[in-house]
Novice: 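Dumping the structure here so I can ask a few things about it.
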Amino acid sequence: MAETAIDNVAAGEAEGLAGRRRRRRLGPGFWLPAGWIGLVVFGAATAGFWPMPAPETIDFLNRAAMPGTVGEIELAGQTELSEFRYLLGTDNIGRDMLSRLLYGARVSLLIGLLSPLIGLLVGGALGVVAGYYRGRVDGAVVAAMDVILAFPALALLLAITFYLGPSLPNLILALGFLSVPASARVARANTLSVARREFVLAAKAMGASDLYILVREIVPNVLMPLLVFAMLLVAVLIVAEGTLSFLGLSVPPPTPSWGTMIEEGRELLDQAPHVTMIPAAVMCLTVLSFNLIGDRLRSLIDPRESRL
Amino acid sequence: MNAPLLSVRELTVEFRVPDERTVHAVSGISFDIRQGETLGLVGESGCGKSSAARALMQLPPPTGGEVWFQGTDLARQSGAVLRRLRPKLQMIFQDPIASLNPRHRVAEIVAAPLRVNRLLPRAQIGPRVAAMLEAVGLEPALALDRRPHEFSGGQCQRISIARALILEPALLICDEPVSALDVSVQAQILNLLREMKGRMGLTMLFISHDLAVVKNVSDRVAVMYLGRLCELAPSETLYRAPAHPYTAALMSAIPVPDPTQPVRQVQLTASDLPSPMDPPSGCRFRTRCPRAEARCAAEVPPPREIATGHQVACHFPLTG
């Protein structure tokens, strides 16, 4: 009896698994946006190594120059003027657009990646703990998150800029703090459904501690939905930085960011639309890429694995 | 007869629900499980079978009552003592897929109980896991590196059994272990449980709503209705001569695979299970019982022994 059972099971496995083991394909819907983000990250990381002017260097003779204009400007690290072709033109006071775009990518990426990371770590931990323990812990966390959600975000950002000064770290921390409640909610909702499942009960029955159950059984199941949500958060926060520039709440000038570039180009929109449109297009593509990757990841979560 | 491995006394499980109401899932049930036997626990869904089983495991602990296991009352133990005792009581569940963490490989799932309890040195865990998988009828080489969703329901249940038995528990609680499986796979899993029971000297509590399955595996059977025990008897006796009207109704509902036999279903007076939030006074079965009289509403029928090892909680039993 036992032997035949083993044979049956083994035979059934061999047939069924070959098909099921196929690798899930990511496809161009993932690789194109991932490639663009790779390009932006590469540009931001290597911005200092290219033979181009520093983002603050001004060519007074070529203000709001069209893409392709040739002018004379000091390249980064040099004191002499040299001939340089502004591939993407210059902005309204004559700074190289490409250089500002690459340095600006640093700000956008730092805000877009670090702030959600803070939200994810803090909010994720709070949400998982609240969803697992339920009861009073849950009540306290949910109440605290509701307070933060109800608090006007702009008032907080204004207060931080006013008292602590406008700086990139302050901005990242503030936006991170503001993204905690949403992450906590996503984590809590997923934890509630995972913690009800029987493998959690089985872990308790074998004598596992709460910490073990949280780290080994729950978090791996909550991580994927949280990551998908984080992709959305990245996109939202990159746009948020752009919006905050218009209120003067982003990084202080002359540090370039995509948001401040769009804002500064506004004055010359009728004569030199490229000053606004190029950073806007780059921001749009980047945000779109993060959204597409998020969508792709969501559809990749195996429905068998995510079902209840 | 053997000494009881587990003695349950007046086990009560109540849940608070919104609006200050209470669900009386289990209301004072008492029974023993003897060393080496399989006790079946049957009843329709919602009668408190699973709540009772989880209360035995202290997951969560019962609202009241005692659960004596090897000389300790589990219901009174603190976290640390309880955790040390847990490996001796293991459980397998109804949903074979939800029982296994979809993010873990089978090797990790089956090894987890050993790791958590630090029972074996690291080097011995691998061979032990492989041996256990082989014992439950899975090819270790094929199974170890896969995740649960790559297996069928029956195979997942085998993995669950391996995880529960790797701790060499004294008592295995099976909560509807085959209800979610195809009939042909049910038989395989039941055979496996029987084989493992013989090999490891297990004592089992086997919960099911399927009377045929319970009869097949159990030495004694307890019948539960709306949080109370109706009848407890050796399997043979119970199926041959049920004493409680509810048991009789259940038995008559077992389909007989013979079209020439007349349908002999006992007629119940109301077909819906009363709400466990507001159970009937006296005997809980009286609202559906064809033999109910005024006394049944006034007095709770105490369990009494009508023959050796045959307990029934009814004022007007059918036999004895």
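In what follows, chains carry the letters A, B, and so on, assigned in the order in which the sequence lines appear, proteins first and then strands, with residues in each chain numbered from 1.
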Novice: Measuring heavy-atom distances to chain A, does B:Ile109 have an atom under 4.5 Å in its side chain, in its backbone, in both, or in neither?
Specialist: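 Interface part for B:Ile109: neither.
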Novice: Check whether B:Asn117 gets within reach of chain A through its side chain, its backbone, both or neither, counting any heavy atom under 4.5 Å.
Specialist: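 B:Asn117 touches chain A through side-chain heavy atoms alone.
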Novice: Enter the distance from A:Phe199:CZ to B:Ile97:CD1 here, rounded to the nearest 0.5 Å.
Specialist: 12.5 Å
Novice: Which bit of B:Gln58 is near chain A, if near means a heavy-atom gap under 4.5 Å: side chain, backbone, both or neither?
Specialist: neither
Novice: Quick one: closest heavy-atom pair of A:Leu201 and B:Leu59, and the distance?
Specialist: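 Shortest heavy-atom contact: O-CD1, 3.8 Å.
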Novice: So which heavy atom on A:Asn221 is nearest to which on B:Pro102, and how close?
Specialist: OD1-CG, 3.3 Å
Novice: How many angstroms lie between atom CG of B:Leu167 and atom CE of A:Met206, to the nearest 0.5 angstrom?
Specialist: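 Taking CG in B:Leu167 and CE in A:Met206, the distance rounds to 7.5 Å.
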Novice: Under 4.5 Å from any heavy atom of chain A, what part of B:Arg163 do you find: side chain, backbone, both or neither?
Specialist: side chain
Novice: Which pair of heavy atoms, one from B:Phe93 and one from A:Ala202, lies closest together, and at what distance?
Specialist: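 Closest heavy-atom pair between B:Phe93 and A:Ala202: CE1-CB, 3.7 Å.
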Novice: In Å and rounded to the nearest 0.5 Å, what is the CG to NZ distance from B:Leu82 to A:Lys204?
Specialist: 12.0 Å
Novice: Please name the pair of heavy atoms, one in A:Ala205 and one in B:Met57, separated by the smallest distance, quoted to 0.1 Å.
Specialist: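 Here A:Ala205 and B:Met57 meet closest at CB-CE, 3.5 Å.
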Novice: Taking C-beta and beyond as the side chain, do A:Glu217 and B:His104 meet within less than 4.5 Å on heavy atoms?
Specialist: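 Yes, their side chains come closer than 4.5 Å.
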Novice: Which bit of B:Arg115 comes within less than 4.5 Å of chain A, counting heavy atoms only: side chain, backbone, both or neither?
Specialist: neither
Novice: Do A:Arg197 and B:Ser99 have side chains that get closer than 4.5 Å, going by heavy atoms?
Specialist: no
Novice: Working to the nearest 0.5 Å, report the span between CG of B:Asn101 and CZ of A:Arg216.
Specialist: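 CZ of A:Arg216 is found 8.5 Å from CG of B:Asn101.
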